[in-house]
Each structure stands twice: as structure tokens, then as C-alpha cells.
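Reading through the C-alpha cells given below for one structure.
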Amino acid sequence: MADNKIHKTGGLLDQYNLLGAIIDSPWATRLDHKVARHVIDRYYPKHGNGRASLRYLERATGSSRSNITTSLRRLAENGAIIITRQGQGTRPTEYALNFDLSASVPVDVTSTDEVPSGTVVSVVRQFETDQAFREERLWLIRG
């Protein structure tokens with residue numbers, strides 16, 4: 001009998017994978033991790049968005065308002081979140097979460113393992129930069 005369950009986007013596994021993708025990304029700072037964690041934690045699948053005010057994020061992360069707005073901007077620029085409705089007065093800002101971000105994290109294709117046929121692999125320039133940095137770091141450690 002076929003499995004008729006339909007995968008609903010925004011479940012706990014999707015939230016976990018999104019946070020993991022943000023943590024693994026080279027552009028995200030430690031504050032980005034904290035802010036993303038709280039925005040993801042306030043995600044309501046029923047409504048399809050997460051709601052978090054700047055004041056809430058200030059208290060939750062212990063960071064300043066200007067640093068939080070910079071972090072939110074960085075998360076939005078890199079496609080982790082989308083600001084769907086700007087907060088005003090007592091209404092918190094609403095964020096849509098990009099659960100497809102985890103699928104776009106670069107894959108290490110420098111290994112000798114063969115990539116299965118039919119697999120689409122996109123090489124990201126940032127990954128190449130990170131790989132060169134890691135190789136240089138290993139050289140300095142060994143040297």
C-alpha cells in the first residue's frame with residue numbers, strides 16, 4: 001500500500017534543517033544563529049510565518065537593536081528569511097522562512113567519490129573561497 005502522507009512544509013524537521021543550514025553557512029555570525037533560532041522558534045505553520053518584534057529579539061539574544069537589525073538584514077539578504085509584514089506599534093514583524101535554504105548549501109565535490117548520475121551539483125564561489133582558506137589554514141598548522 002502506498003504511503004499517502006503529504007509532507008507539510010514548516011514542520012519541526014524543516015525548522016531544524018533550516019537552522020542547521022544557517023549555522024553551517026559561512027556568512028552567518030553567532031548573532032545570526034541566535035536571531036534565526038528565535039524567529040524559527042516563533043514560526044506558526046498554521047499561519048505560514050514567524051512573528052518576532054525587535055524588542056523580543058533584543059531580550060532573547062541580549063544584543064542591541066542595531067545589531068539585531070543588521071543580523072535580520074543579513075539573514076534576509078542571504079535568503080534565510082523574508083520579511084512579509086513590517087512590524088508597527090505593538091504588532092511584531094512577520095517573517096516567512098525559506099525552508100529550501102537547506103537544499104542550497106554547497107556540497108563538497110572535491111572528493112574522489114563519484115556523483116550519481118542525474119544529480120545536479122552547483123558549485124558556489126563562496127565554497128571555493130572557504131576551501132582555499134581551509135587548505136591554507138592546514139598548511140599553516142602543519143608547517
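The shown structure was predicted, so the numbers you read here are calculated from the model rather than taken from an experiment.
- Side chain to side chain, Thr70 and Asn67 fail the donor-acceptor criterion of an N or O pair below 3.5 Å.
- Distance check, rounded to the nearest 0.5 Å: NE2 of His38 to OH of Tyr95 gives 13.0 Å.
- In this structure, Ala80 and Ile22 approach most closely via the heavy-atom pair CB-CD1, 3.8 Å.
- Judged by distance alone, with hydrogens and angles left aside, the side-chain atoms of Asp32 form a donor-acceptor pair with the main-chain N or O of Thr29 at under 3.5 Å.
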Less than 3.5 Å apart, which donor and acceptor atoms pair up between the side chains of residues 42-55 and the rest of the protein, not counting sequence neighbours?
| from | atom 1 | to | atom 2 | distance (Å) |
| --- | --- | --- | --- | --- |
| Arg42 | NE | Arg51 | O | 3.1 |
| Asn49 | ND2 | Glu94 | OE1 | 3.1 |
| Arg51 | NE | Glu94 | OE2 | 3.2 |
| Arg51 | NH2 | Glu94 | OE2 | 2.7 |
| Ser53 | OG | Tyr56 | N | 3.0 |

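- A donor-acceptor pair is defined here as one N or O able to donate and one able to accept, closer than 3.5 Å; such a pair exists between the side chain of Asn78 and the backbone of Arg74.
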Original post:
Between Leu19 and Arg37, does a side-chain contact (heavy atoms from CB on, under 4.5 Å) hold up when you go through it step by step?
Top reply: CA-CA 7 Å; Leu19 185 58; Arg37 179 244 187 247; 4.3 Å; yes
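- Residues Ile23 and Ile40 are members of one and the same hydrophobic cluster, defined by side-chain heavy-atom contacts under 4.5 angstrom among Ile, Leu, Val, Met, Phe, Trp and Tyr.
- Here the straight-line distance linking atom CG of Leu75 with atom OG of Ser25 works out to 8.5 Å at 0.5 Å rounding.
- Annotation: the span from Asp100 atom CG to Asn17 atom CG amounts to 11.0 Å, rounded to 0.5 Å.
- Applying the salt bridge (charged side-chain N to carboxylate O under 4.0 Å, His left out) rule to Arg65 yields the partners Glu58; only residues at least two apart in sequence or on another chain are considered.
- The distance from the CG atom of Leu57 to the CG atom of Leu72 is 6.0 Å, given to the nearest 0.5 Å.
- Checked options Arg30, Lys34, His33; the residue passing with Thr61 is Lys34 (criterion: side-chain contact (heavy atoms from CB on, under 4.5 Å)).
- For the atom pair OG1 (Thr93) and CD (Gln86), the distance works out to 4.5 Å, reported to the nearest 0.5 Å.
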